[in-house]
Amino acid sequence: ILQNIIFSTQDWLPRFWTVFTWPVGDAAQQPISALFAIGWFYLFSSSLERTWGGRDYGLFLAAMASITALGMWLGSFLVGNGVASGLWMISGSLAVAWALINRGETINLFFVPLPAPAIGVLGAVLVWFYGGASYGNPLLGLFALLSCAAAYWYVTKGRYFSSRSSRTRGTSRRGDGYSLRTDSAARFRNIGQENTPSRTGWNPFRWWKDRQERKRLEDIFRRSGFTDDK
């Protein structure tokens, strides 16, 4: 079963689906480590899903998994074969994206406060380590970092072009401005990117309260019928 889940640069073509399934591979090998990895993964994935919406986040996650795997495959022709497996590794590119969006945030990691830029660097280190250094091929880990570069591009440039393209399509359909659906989707996907005061740490109770308040506000705006062109 494990061979049909993890990604191997040597023989992945007959099991092409492993470019997407490899993040769940370490649960069978190291269940204790996987439990901690789930918490680390959820910390960033839940924030990105709230910010971008389920559809955009799902596409982003699939893209990060495939880019990591294919980057390692290309690197294997130069530095040797390797494998991709585990939530620790996929969480690295998510941490980079989260850090770029939440530059003013601070997370208490085992009672050590780490600012968002440090979290992004830590995420990149995890991708490099599990992408090759952990099994004696650190150069291959450098090719795995292609996903972190892709996450950086998407947050800083890619979403801007995507949002502008969506607005253009909405205008061409209606001819009198943005469509309500396109405009609302763009606003609520980016609601988490607005400037907010810096916080001293991540608090689960505050996070839950903010999540409920965000959902309430989104529901009010969606039912209001107003768009930015009004």
Find the distance between OG (S85) and OH (Y135) and round it off to the nearest 0.5 Å. 10.0 Å
Can we call the ring centroids of W98 and F44 under 6.0 Å apart? yes
Could you check L78 against F143 for side chain to side chain contact (heavy atoms under 4.5 Å, CB included), going step by step and ending with a plain yes or no? CA-CA 10 Å; L78 299 175; F143 289 91; 3.9 Å; yes
Calculate, to the nearest 0.5 Å, the distance between atoms CH2 and OG belonging to W52 and S47 respectively. 9.0 Å
Rounded to the nearest 0.5 Å, what separation is found between the CG atom of L114 and the CD1 atom of I119? 4.5 Å
Distance in Å, L74 CG paired with L146 CG, rounded so as to fall on 0.5 Å steps: 8.0 Å
Do I90 and L35 belong together in a cluster built from hydrophobic side chains that touch within less than 4.5 Å? no
W12 and ring-ring contact (aromatic ring centres under 6.0 Å, His included): which single residue from F20, W17, F7, W22 fits? F7
Separation of S45 OG from F60 CZ (nearest 0.5 Å): 11.0 Å
Minimum heavy-atom separation for A151 to S93, with atom names? CB-O, 3.7 Å
Determine whether a donor-acceptor pair (N or O, by modelled atom type, separation under 3.5 Å) exists between the side chain of N137 and the backbone of V79. yes
Got L87 and W40 here, is their nearest side-chain heavy-atom distance under 4.5 Å? no
Output all residues satisfying salt bridge (charged side-chain N to carboxylate O under 4.0 Å, His left out) with R15, sequence neighbours left out; order by chain, then residue number. D11
Closest non-hydrogen atom pair, L48 against A97: CD1-CB, 4.2 Å
Work out which heavy atom in A95 is nearest to a heavy atom in G123; give both atom names and the distance. CB-CA, 4.0 Å
Quick check on F129: does its CZ atom have over 12 non-hydrogen neighbours (other residues, nucleotides or ligands) under 6.0 Å away? yes
Taking the side chain as everything from C-beta on, heavy atoms only, tell me whether L61 gets closer than 4.5 Å to L94. yes
Pairwise distance CE(M72) to CG(L142) - rounded to 0.5 angstrom: 11.0 Å
Considering non-hydrogen atoms only, spot the tightest contact between T106 and P113 and give its length. CG2-CB, 3.8 Å
Could you check whether any side-chain N or O of T9 sits under 3.5 Å from a backbone N or O of N81, counting only pairs where one atom can act as donor and the other as acceptor? no
Using a 3.5 Å distance criterion without hydrogens, assess whether the side chain of W128 forms a donor-acceptor pair with backbone atoms of A133. no
Do L59 and I101 belong together in a cluster built from hydrophobic side chains that touch within less than 4.5 Å? no
Are W88 and F36 close enough, and set up right, to give a side chain to side chain contact (heavy atoms under 4.5 Å, CB included), and what steps lead you there? CA-CA 9 Å; W88 288 114; F36 288 95; 3.8 Å; yes
Could you tell me if the side chain of V96 sits less than 4.5 Å from the side chain of V127, heavy atoms only? no
What are the two closest non-hydrogen atoms of R103 and T156, and how far apart are they? NH2-CG2, 4.4 Å
